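Let me begin by presenting the structure, written as structure tokens, before commenting on it.
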Amino acid sequence: MRVGYGKKPVPPRPSEHPHLDESWLADGWFSLFLNWLRDATEYVAPGGGRIAEPNAMVLGTVDDRGLPATRTVLCKGADDRGLVFYTNYESDKAHHLDMHPYASVTFPWVLIERQAHFRGQVEKVSEEETAEYWHTRPRGSQLGAWASHQSRRISARGDLEAALEAVTRQFCDLDYVPVPPFWGGYRLKPSVAEFWQGRENRLHNRIRCEKNGSGWEVFRLQP
Ligand SMILES: Cc1cc2nc3c(=O)[nH]c(=O)nc-3n(C[C@H](O)[C@H](O)[C@H](O)COP(=O)(O)O)c2cc1C
Ligand SMILES: Cc1ncc(COP(=O)(O)O)c(CN)c1O
């Protein structure tokens with residue numbers, strides 16, 4: 001199958017925004033990331049379309065053979081320390097991170113012709129931080145996390161539904177579902193961040209910053 005050129009987005013084109021500039025990253029990646037995440041969250045296309053899950057990021061890890069794996073996770077926390085996501089600590093991605101605690105994440109904000117990309121070391125967040133987030137989740141999502149041994153094989157959909165029924169019964173007398181011991185957050189601490197902004201003729205803007213001691217080295221890359 002040939003994948004061709006899609007329809008051009010209708011005006012106003014986000015690519016008419018000012019050129020991405022090195023100075024925007026002088027203090028590191030965090031403030032530009034927050035601005036772009038907010039833009040992605042608030043953006044409404046002329047036809048009314050919005051970016052679904054603007055906090056979705058594609059997480060790249062490597063397995064014990066050095067074989068890369070990517071999957072989407074939701075960014076549930078961001079500050080100048082890094083980007084936080086929550087998952088099962090016995091999943092494939094968790095095994096990858098146990099062996100090799102480095103990862104990349106990419107936010108593909110295609111609708112607004114932007115992309116943000118981060119690479120760095122990954123560490124588990126504290127149990128307190130996990131608990132604080134866990135208790136904001138709907139009960140159904142909490143029970144689903146208890147029911148699913150993420151990334152393990154299961155022979156039938158029905159077994160998953162039976163597992164959900166079992167944990168629903170197990171916790172039915174409790175007001176609060178406890179945090180599973182096998183569930184929690186990770187924080188990716190960027191040492192490299194790159195912001196991409198689409199431009200005419202594929203002459204896109206790419207600005208990268210790399211951690212350099214306590215500061216950041218900022219430079220432009222060819223598209
Ligand atoms: C939009 C979207 C958001 C997702 N968010 C998460 C998430 O925050 N945490 C998670 O564990 N899985 C999330 N998933 C599922 C993962 O992509 C993946 O299938 C799962 O974590 C198992 O990955 P692994 O086997 O590589 O560990 C999401 C999937 C999609 C499509
Ligand atoms: C399995 C799984 N775990 C965690 C999450 C994170 O999001 P939430 O806490 O809002 O469920 C998601 C989001 N799709 C998910 O699919």
Side-chain angles (χ1 to χ4, degrees), residues 33 36-38 40-41 43 49-79 81-112 114-157 159-168 171 176-190:
F33 170 73
W36 278 24
L37 178 63
R38 193 197 49 229
T41 305
Y43 182 72
R50 306 183 72 108
I51 296 183
E53 315 275 20
N55 59 329
M57 54 187 193
V58 178
L59 168 74
T61 56
V62 287
D63 73 8
D64 55 354
R65 297 165 290 178
L67 190 63
T70 60
R71 79 294 279 156
T72 310
V73 293
L74 297 182
C75 177
K76 294 288 183 168
D79 59 26
R81 291 172 300 168
L83 303 167
V84 175
F85 61 92
Y86 290 90
T87 194
N88 184 304
Y89 283 155
E90 295 170 1
S91 62
D92 282 355
K93 72 181 87 53
H95 291 310
H96 298 176
L97 292 170
D98 283 344
M99 273 176 311
H100 183 73
Y102 295 87
S104 68
V105 291
T106 300
F107 292 82
W109 294 311
V110 179
L111 193 61
I112 55 170
R114 287 178 184 171
Q115 169 178 267
H117 174 66
F118 302 92
R119 302 162 72 197
Q121 200 166 11
V122 177
E123 62 184 25
K124 286 182 177 167
V125 306
S126 68
E127 285 180 25
E128 293 71 31
E129 193 170 344
T130 287
E132 198 176 316
Y133 175 68
W134 171 263
H135 291 296
T136 69
R137 301 184 82 217
R139 192 176 178 96
S141 306
Q142 295 174 337
L143 293 170
W146 272 100
S148 169
H149 299 287
Q150 193 177 57
S151 315
R152 298 207 203 145
R153 294 184 190 201
I154 190 155
S155 44
R157 168 88 210 169
D159 296 353
L160 210 47
E161 284 158 12
L164 181 63
E165 278 171 31
V167 296
T168 303
F171 296 120
Y176 297 103
V177 178
V179 184
F182 53 79
W183 194 93
Y186 286 100
R187 175 175 286 106
L188 183 146
K189 301 180 296 175

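Note that the coordinates shown come from a computational prediction; the quantities given were computed from them, not determined experimentally. Counting convention: from 1, in listed order, for ligands and their atoms alike.
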side-chain hydrogen bond (donor to acceptor under 3.5 Å, both in side chains) partners for Tyr86, two or more places apart: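 Scan of Tyr86 (side-chain hydrogen bond (donor to acceptor under 3.5 Å, both in side chains), adjacent residues dropped) gives none.
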
Residue selection (non-hydrogen contact nearest atom 8 (P) of ligand 2) among Tyr133, Trp183, Phe85, Trp134: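 When every heavy atom of Tyr133, Trp183, Phe85, Trp134 is considered, Tyr133 comes closest to atom 8 (P) of ligand 2.
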
Partner of His96 under side chain to side chain contact (heavy atoms under 4.5 Å, CB included), chosen from Leu59, Asp64, Val62, Thr61: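 It is Thr61, the one option of Leu59, Asp64, Val62, Thr61 that forms the side chain to side chain contact (heavy atoms under 4.5 Å, CB included) with His96.
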
Gln150, any N or O under 3.5 Å of ligand 2 N or O: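 Between Gln150 and ligand 2 (N or O atoms, distance only) the closest approach is not under 3.5 Å.
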
What is the nearest protein non-hydrogen atom to [atom], stated with its residue, atom name and distance?
| atom | answer |
| --- | --- |
| atom 4 (C) of ligand 2 | Arg137 NH2, 3.6 Å |
| atom 13 (C) of ligand 2 | Leu74 CD1, 3.6 Å |
| atom 10 (O) of ligand 2 | Lys76 NZ, 2.9 Å |

Closer than 4.0 Å: a protein non-hydrogen atom to atom 2 (C) of ligand 2: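 So atom 2 (C) of ligand 2 lacks protein heavy-atom neighbours under 4.0 Å.
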
Any protein heavy atom < 4.0 Å from atom 16 (O) of ligand 2: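 False for atom 16 (O) of ligand 2.
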
Residues in the immediate environment of ligand 1 (any heavy atom closer than 4.0 angstrom):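 Residues within 4.0 Å of ligand 1: Arg71, Thr72, Val73, Leu74, Tyr86, Thr87, Ser91, Asp92, Lys93, Gln150, Ser151.
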
With the side chain counted from C-beta on, respond yes when [X] and [Y] share a heavy-atom pair under 4.5 Å apart, and no when they do not.
| X | Y | result |
| --- | --- | --- |
| Tyr89 | Asp98 | no |
| Phe171 | Gln142 | no |
| Phe182 | Ser91 | no |

Counting only heavy atoms not in [X] (residues, nucleotides, ligands), do more than 12 fall under 6.0 Å from its [atom1]?
| X | atom1 | answer |
| --- | --- | --- |
| Arg119 | CZ | no |
| Gln121 | CD | yes |
| Glu161 | CD | yes |

Thr87 OG1 to Tyr186 OH distance, which is reported to the nearest 0.5 Å: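 Rounded to the nearest 0.5 Å, the OG1-OH separation comes out at 7.5 Å.
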
